[in-house]
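The structure appears right after this line, and notes come after that.
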Amino acid sequence: MLTKECARQVIEEIIALYPNVETVLNYRNNYELLIAVMLSAQTTDIAVNKATVKLFERFPTPESVTHASPAEIEPYIQSIGLYRNKAKYMFQCCQQLVEKYSGEVPNNRKDLESLAGVGRKTANVILSVGFGIPAFAVDTHVSRVCKHHDIVPAKATPRQIEDYIISILPPELLTQAHQSIIFFGRNICHPRNPQCENYPQLYCCQEHI
DNA sequence: AACTCGGGGCA
DNA sequence: TGCCCAGAGTT
């Protein structure tokens with residue numbers, strides 16, 4: 001495993017490679033962001049991006065969702081898989097938003113994680129990307145990149161990775177680190193055939209614990 | 001801790 | 001065309 005200093009350096013190099021990537025794109029408000037991230041669970045978000053164009057035309061607000069039903073949501077998200085669950089989560093989540101939070105997306109972890117279909121990863125994305133609150137969302141891309149580059153042990157859980165990254169990075173870097181690492185994981189450090197070797201700068205720091 | 005939900009992408 | 005990918009909830 002890399003030392004903390006070395007791990008921080010590798011992450012800063014990944015940020016330098018992709019300094020301004022926005023992996024969560026084209027969402028106009030935190031309602032759209034929340035739903036889009038929620039729908040992304042176990043799915044490629046390219047598929048989610050396509051589906052959400054028409055989805056948000058039909059359901060522009062939480063209120064508009066509560067006036068419909070899960071069955072009315074399903075046709076819009078059939079292409080993304082697990083769609084019955086997700087239609088149900090989206091409906092219940094919007095009911096909660098309207099009933100408990102005046103139709104606004106809450107800005108703290110406890111309330112976010114109380115919403116249907118919202119777990120720790122989704123909550124962290126909303127906090128960091130939606131509200132600019134220091135938080136670090138660990139999905140399988142982040143997990144793979146961190147393990148492949150020996151930043152964390154191979155057996156580390158998402159929560160352990162989250163806590164470790166927060167302990168080695170300054171808070172103001174967390175959101176961009178998340179987005180840059182995801183971009184790197186999606187496009188270069190693939191699950192199969194990772195091409196990280198083409199990025200020798202990532203290996204400059206070889207200091208291990 | 002194991003199981004379930006379901007499609008798209010790629011070899 | 002069969003294998004692999006990607007989180008949250010439930011039991």
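None of these values were measured; they are calculated from a predicted model. All chains are named by letter (A, B, ...) in the order of the sequence lines, taking the proteins before the strands, and each is independently numbered beginning at 1.
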Any donor-acceptor pair under 3.5 Å linking the side-chain atoms of A/Tyr101 with those of A/Asn107? no
When you check the side-chain N and O atoms of A/Thr43 and A/Lys86, is any donor under 3.5 Å from an acceptor? yes
Nearest-angstrom distance from the residue atom [atom1] of [X] to [atom2] of [N]:
X        : N      : atom1 : atom2 : answer
A/Asp45  : C/dG7  : CG    : C1'   : 13 Å
A/Gln42  : B/dC3  : CD    : P     : 16 Å
A/Asn193 : C/dC4  : CG    : P     : 15 Å
A/Leu82  : B/dT4  : CG    : C1'   : 9 Å
A/Asn187 : B/dC10 : CG    : C1'   : 16 Å
A/Lys88  : B/dT4  : NZ    : C1'   : 10 Å
A/Asn49  : B/dG8  : CG    : C1'   : 14 Å
A/Arg120 : C/dA8  : CZ    : C1'   : 14 Å

Base, sugar-phosphate alone, or nothing: which one does [X] contact when heavy atoms must sit under 4.0 Å apart?
X        : answer
A/Arg144 : sugar-phosphate
A/Thr140 : sugar-phosphate
A/Leu39  : nothing
A/Asp139 : sugar-phosphate

Between [N] and [M], how far apart are the two [atom1] atoms, rounded to whole Å?
N      : M      : atom1 : answer
B/dG6  : C/dT11 : P     : 15 Å
B/dA11 : C/dA6  : P     : 15 Å
C/dA8  : B/dG9  : C1'   : 23 Å

Between A/Tyr83 and B/dG7, is there a contact of a side-chain N or O with OP1 or OP2 at under 4.0 Å? yes
So, does A/Thr122 get its side chain near the phosphate of C/dA8, meaning an N or O under 4.0 Å from OP1 or OP2? yes
State, yes or no, whether a side-chain contact exists between A/Leu97 and A/Thr66 at a heavy-atom distance under 4.5 Å. no
Answer yes or no: is there a side-chain heavy-atom contact under 4.5 Å between A/His148 and A/Val145? no
The answer to which of A/Arg192 and A/Ala116 contacts DNA chain C further toward the 5' end, by nearest nucleotide, is A/Arg192
Mapping A/Glu113 and A/Thr43 onto DNA chain C by nearest heavy atom, which one lands closer to the 5' end? A/Thr43
Could A/Glu162 and A/Lys121 be called an ion pair, given the rule that one side-chain N must be under 4.0 Å from one carboxylate O? no
Quick one: which of B/dG7, C/dA8, C/dC5 gets closest to the side chain of A/Lys121? C/dA8
Can you figure out which of C/dG9, B/dG9, C/dC5 approaches the side chain of A/Lys50 most closely? B/dG9
Let me know, please, whether A/Ala41 or A/Ile46 comes out on the 5' side of the other along DNA chain B by nearest nucleotide. A/Ala41
How are the rings of A/Phe184 and A/Tyr199 set to each other: parallel, tilted or perpendicular (split at 30° and 60°)? perpendicular
